[in-house]
Amino acid sequence: MARSILHMITPLKHMSPFDVNMAVDAGFETIATYTGATLPDVTSLVQDSIFSRSPQDGVRTGIFIAGKNAEEALDMVDRAKKALVPPFANHIFADPAGSFTTGAAMVAEVTRALKAKFDTELAGKRIVIFGGAGVVAYVAAVIGALNGAETTIVGHDGEERVSKIAHTMRWRFGVEVGAVDGTTVEARRAAITNADVILSAGPAGVSILTAEDLESAPNLLVASDVNAVPPAGIAGIDVNAIDVPLPVGKGVGIGALAVGNVKYQTQARLFRRMLEAKEPLCLDFRDAYTLAIEVAG
């Protein structure tokens, strides 16, 4: 059997050691990293990888797309897919900054908590997501919308940037995602007035919603915060929280380590799925969410 090879591509200066370690621990025997890569570079890199092995060894070869931007990573995936020349094909897996699997894990944990604590599902819920310009928020918003939720992303620097991001979600995935301003306390409280679910994917160590702010969300069932650096992004949710009561109301909170545990297992299992597959796979956050639901239980 041919050795397993993973070609890891990033537009950044360095490839994440986290992702390299995850790939090696999952079982890839050879890792090659390509940094500072541009979108046009993807075609030649992919075609060099497919034409240098026999078609039957394509399933022993993977392309991993890293970086820190959701749209850029998805564009690279599209370019990689177009570079394949059947029967020459490799696996393709995108997880920029680990955020595709983190966003998937976050929504999966919320889905689990909604069922376990309130015997309800994600569909039909109003989800408000802070840190709306980031990759985790992008992923969570699209996954939520694809699964029947009404999702809204909140911009820390006004509505314009998140509105443009919501437009790209509509163009790429055919989903409607709301976009609102969150620059002031009043704006943030207005954003969560009708929320059933609140997700915080803002900068580490930044308090976004206080206990007093949460009083503006009387319908809140589940809140989750991926910030692992004090202070908490959402009051009352520490890193170890798993369905802990929130400071006000009937809702429960999920912390960064609970999400991180599901994220870690999901990413590891997606790498292993590539190694075990009999046909080339193309994996993104939608596949991650399906698996994360299984992991979260």
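Just so it is clear, the model here is predicted, and its values are computed rather than measured.
For the atom pair CZ (Arg272) and CD (Gln267), the distance works out to 11.0 Å, reported to the nearest 0.5 Å. Residue Leu6 holds its CG atom at 10.0 Å from CG of Asn90, rounded to the nearest 0.5 Å. Separating the CG atom in Leu209 from the OG atom in Ser200 is a distance of 7.0 Å, to the nearest 0.5 Å. Here Asn147 contributes atom CG and Glu121 contributes atom CD; the two are 9.5 Å apart, rounded to the nearest 0.5 Å. Rounding to the nearest 0.5 angstrom, the gap separating the CD1 atom in Ile153 from the CD1 atom in Ile165 is 5.0 Å. Note that CG of Leu114 is 6.0 Å distant from CG of Leu221, once rounded to the nearest 0.5 Å.
The 12-atom threshold is exceeded at CD of Glu276, counting heavy atoms of other residues, nucleotides or ligands nearer than 6.0 Å. Few gaps surround CD on Gln56; more than 12 heavy atoms of other groups in view lie less than 6.0 Å from it.
Checked against the 6.0 Å centroid criterion, the rings of Phe285 and Phe173 qualify as a close aromatic pair. Ring to ring, His7 and Phe64 are not that close: their centroids are 6.0 angstrom or more apart.
With salt bridges taken as basic N to acidic carboxylate O contacts below 4.0 Å, one links Arg170 and Glu176. A salt bridge does not link Arg189 to Glu215: none of the charged side-chain nitrogens sits closer than 4.0 Å to a carboxylate oxygen. With respect to Arg172 and Asp78, a salt bridge is recorded, a charged nitrogen being found less than 4.0 Å from a carboxylate O. Under 4.0 Å is where a charged nitrogen must lie from a carboxylate oxygen, and between Glu71 and Lys164 no such pair does.
A continuous path of hydrophobic side-chain contacts links Ile192 to Ile237 [ILVMFWY only; heavy atoms under 4.5 Å]. Linking Ile, Leu, Val, Met, Phe, Trp and Tyr residues whenever their side-chain heavy atoms come within less than 4.5 Å places Phe51 and Tyr34 in a single cluster. Ile129 and Ile234 fall into different hydrophobic clusters, where Ile, Leu, Val, Met, Phe, Trp and Tyr are joined by side-chain heavy atoms under 4.5 Å apart, directly or via other members. In the hydrophobic cluster analysis, where Ile, Leu, Val, Met, Phe, Trp and Tyr join through side-chain heavy atoms closer than 4.5 angstrom, Ile293 is grouped together with Leu122. Both Val175 and Phe100 are assigned to one and the same hydrophobic cluster, defined by single-linkage of ILVMFWY side chains at heavy-atom distances under 4.5 Å.
Minimum heavy-atom separation, Thr10 to Gly67: OG1-N, 3.5 Å. Scanning all heavy atoms of the two residues, the minimum distance from Gly62 to Met274 falls at CA-CE, 3.9 Å. Heavy-atom minimum distance, Val177 versus Ala166: O-CB, 3.4 Å. Summarising the geometry of Ala191 relative to Val128, their closest heavy-atom pair is O-CG2, 3.4 Å, with the distance given to 0.1 Å. Closest approach of Ala66 to Ala73, counting heavy atoms only: O-CB, 4.3 Å. Considering all non-hydrogen atoms of both residues, Ala201 and Ala137 come closest at CB-N, 4.2 Å.
Side-chain atoms of Glu29 come within 3.5 Å of backbone N or O of Ser4 as a donor-acceptor pair. Of the possible polar contacts, one joining the Asn69 side chain to the Glu72 backbone as a donor-acceptor pair under 3.5 Å is found. Checked by atom type and distance alone, the side chain of Thr184 pairs as donor or acceptor with a backbone atom of Ala187 at under 3.5 Å. Using modelled atom types, one side-chain atom of Ser224 and one backbone atom of Ile254 make a donor-acceptor pair closer than 3.5 Å.
By the 4.5 Å heavy-atom criterion applied to side chains, Thr111 and Lys115 are not counted as neighbours. In this structure the side chain of Pro245 never reaches within 4.5 angstrom of the side chain of Lys250, judged on heavy atoms. The side-chain heavy atoms of Asp196 and Ile127, taken from C-beta on, include no pair separated by under 4.5 Å. With a 4.5 Å cut-off on side-chain heavy atoms, Leu220 and Leu214 count as touching.
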Apply side chain to side chain donor-acceptor pair (under 3.5 Å) to the pair Thr266 and Tyr289, showing each step before the final yes or no. CA-CA 8 Å; Thr266 299; Tyr289 178 65; over 6 Å; no

Evaluate Met76 against Lys81 for side-chain contact (heavy atoms from CB on, under 4.5 Å), listing each step before the verdict. CA-CA 9 Å; Met76 284 188 166; Lys81 289 165 64 177; over 6 Å; no

Is there a salt bridge (charged side-chain N to carboxylate O under 4.0 Å, His left out) between Asp75 and Arg79? Walk through the geometry before answering. CA-CA 6 Å; Asp75 285 344; Arg79 186 65 61 94; over 6 Å; no

Step by step, would you call Leu45 with Asp48 a side-chain contact (heavy atoms from CB on, under 4.5 Å)? CA-CA 5 Å; Leu45 289 171; Asp48 275 357; 5.7 Å; no

Working for salt bridge (charged side-chain N to carboxylate O under 4.0 Å, His left out), residues Arg112 and Asp243: CA-CA 10 Å; Arg112 175 201 57 75; Asp243 302 350; 2.9 Å; yes

Evaluate Thr120 against Lys125 for side chain to side chain donor-acceptor pair (under 3.5 Å), listing each step before the verdict. CA-CA 9 Å; Thr120 188; Lys125 297 299 180 291; 2.7 Å; yes

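Tested against Thr101, the residues Asp284, Asp287, Asp95 include a single side-chain hydrogen bond (donor to acceptor under 3.5 Å, both in side chains) partner, Asp95. Applying the side-chain hydrogen bond (donor to acceptor under 3.5 Å, both in side chains) test between Thr61 and each of His91, Arg53, Arg3 identifies Arg53 as the sole match.
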